[in-house]
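Notes follow the structure.
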Amino acid sequence: MLKKIKFWLECSRWYALPMTFFSWLIIFCYGLNMSGNVKNGILALVGISFAHLATNLFDDFCDYHKLTRIVDFGNVILPNTQRGKCRYLIENQTTLNEVLSVVIFYCLIAFLIGIYFYLTCGTPVLIFMFAGILIVLGYSFFSYIRLSELAVAAAFGPLMFFGTFFVMTNKISIEPLILSVPSMLFTVNLIYTDTFLDKEIDKKEEKRTLVNLFSTDDKAIFFQKCLIAFGYISVLLLPVFDITDWEVLFVYLTIPLAIDLVKSLCEYAKDNTFIPKKKWYHFPFEEWKDIAENRSQVFMFRMYQARNLMIYVSVIITLCLLFCY
């Protein structure tokens, strides 16, 4: 049973769950400061996490139908994807029907938690549920109409922060929205890193992302620099609106990691086979040996860099909410 659970978590790209957990942790701690309901906050995390896993797995399900496939001596090849994409389907470790069944299972858990919140917290929960369902089922489609980054921003910003705060406190206020901005921008930066690395692949499959808007890599990277800069500037909103104290500016200690990420992407733009040297501050890089054998180290190295930057920023904000409020 544990082996099967691990298998499906890997298929569902569980390594992306820190995006959910550390974003949620910020608003959960803020909800605690407002005397929020702890049980409801934790239940919200469970529901959001299963919705996230469902989105990842359903995206693979849709991509496997849409992406160009080549059958070579009975072996299925997806030429326009990163190495390891849909590997569990290509290697016949499972079937599309089983994938869809797991997606439904994930969604059912998230839906039942949503129904519980509807019965105990009121009708505003239906708005959060509807928006969540739209993102889970529509994310793959959004990547073809240049809305995938916007969907991520909505999911990890207003939807998660308003929703978690509401079920914890039964209140709607502007503070959760302001609090969501820094972590939301660094989460969008993570998705933007993904689409930057996939830009040539996406063009072949006619996917449209923000990166596709730019005519050169330099312009695309300049936009990312602006995105990261706005992320750091937005941290100033937290003490200005008295959401947390000025100690939150310790977030700026992560700027070298942001520079390291941008430098890494510049190197990728020059040579898309280049793998930077792994340093101690790149921690955590889990399952690196498996990635070397079965997936793209070039891709995952940059994804881990962007993910860890988002994690460190979120952890510092969380600590300030806990100890400097």
Output field: ring centroids F61/F58 closer than 6.0 Å: yes

E149 side-chain N/O to V188 backbone N/O, donor-acceptor pair under 3.5 Å: no

Distance in Å, L322 CG paired with C29 SG, rounded so as to fall on 0.5 Å steps: 4.0 Å

ILVMFWY network linking L32 to I42, side-chain heavy atoms under 4.5 angstrom: yes

Crowding at CZ, F230 (>12 non-hydrogen neighbours, <6.0 Å): no

From V262, I259, I255, I233, residue fulfilling side chain to side chain contact (heavy atoms under 4.5 Å, CB included) relative to I228: V262

Short side-chain to backbone donor-acceptor contact, S23 and T20, under 3.5 Å: no

Any side-chain heavy-atom pair of L236 and L249 under 4.5 Å: yes

4.5 Å side-chain heavy-atom contact, V313 and S183: no

Closest contact, heavy atoms only, L177 versus P158: CD1-CG, 3.8 Å

K278, NZ: over 12 other non-hydrogen atoms inside 6.0 angstrom: yes

N33 CG to E175 CD distance, which is reported to the nearest 0.5 Å: 12.0 Å

Exam field: side chain R146 to backbone T209, donor-acceptor pair closer than 3.5 Å: yes

Check: P239 main-chain N/O paired with D245 side-chain donor or acceptor under 3.5 Å: no

Linked, directly or transitively: V235 and W246 (ILVMFWY side chains, under 4.5 Å): yes

Side chain proximity check, M19 to I191, heavy atoms < 4.5 angstrom: yes

Pair T273, D271: side-chain N/O donor-acceptor within cut-off below 3.5 Å: yes

V46 vs I113 side-chain heavy atoms within contact, under 4.5 Å: yes

Taking every non-hydrogen atom, the tightest pair across D60 and C11: OD2-O, 3.8 Å

Residue pair V136 / A51: nearest heavy atoms and the distance that separates them: CG2-O, 3.6 Å

Lys/Arg-Asp/Glu bridge criterion (N-O < 4.0 Å) met for K279, D260: no

Nearest heavy-atom neighbours spanning Y139 and A151: CD1-CB, 4.3 Å

Donor-acceptor contact present, side-chain N40 to main-chain V167, <3.5 Å: yes

Sequence neighbours excluded - salt bridge (Lys or Arg N to Asp or Glu O under 4.0 Å) pairs with any residue from residues 304-318: E286-R307

Sequence neighbours excluded - ring-ring contact (aromatic ring centres under 6.0 Å, His included) pairs with any residue from residues 164-192: Y30-F165, F186-Y232, Y192-F223

Test item: I48 and L159 side chains (from C-beta on) under 4.5 Å apart, heavy atoms: no

Test item: W24 side-chain N/O and G41 main-chain N/O as donor-acceptor pair under 3.5 Å: yes

Closest non-hydrogen atom pair, T169 against G31: CG2-O, 4.4 Å

Neighbour count above 12 (heavy atom, 6.0 Å) for F130 CZ: no

Aromatic F196 / basic K199 pairing, under 6.0 angstrom, 45° off normal: yes

Hphob cluster co-occupancy, V248 + F323, side-chain heavy atoms under 4.5 angstrom: yes

Validation row: L319, F250 side chains within 4.5 angstrom (heavy atoms): no

Exceeds 12 heavy-atom contacts within 6.0 angstrom, atom CZ of F285: yes

Residue list, ring-ring contact (aromatic ring centres under 6.0 Å, His included) with F161, at least two apart or on another chain: none

Polar contact flag, side-chain donor to acceptor under 3.5 angstrom, S264-R302: yes

Contact check, side chains of L190 and V152, non-hydrogen atoms, under 4.5 Å: no

ILVMFWY network linking L108 to Y116, side-chain heavy atoms under 4.5 angstrom: no

Ion pair D217/K270, N-O distance below 4.0 Å: no

Sub-4.5 Å side-chain heavy-atom contact between N189 and L261: yes

Heavy-atom donor-acceptor pair, T95 side chain to E98 backbone, under 3.5 Å: yes

Closest non-hydrogen atom pair between E267 and P276, with its separation: OE1-CG, 4.1 Å

Nearest-0.5 Å distance, CZ of residue F274 to SG of residue C266: 12.0 Å

Backbone N/O of F7 and side chain of E10: donor-acceptor pair under 3.5 Å: no

Side-chain donor or acceptor of N308 paired with backbone N/O of Y304 under 3.5 Å: yes

Donor-acceptor side-chain pairing of T193 and Q305 below 3.5 angstrom: no

Near-ring test Y106/H52, centroid separation under 6.0 angstrom: no

Neighbour count above 12 (heavy atom, 6.0 Å) for F214 CZ: yes

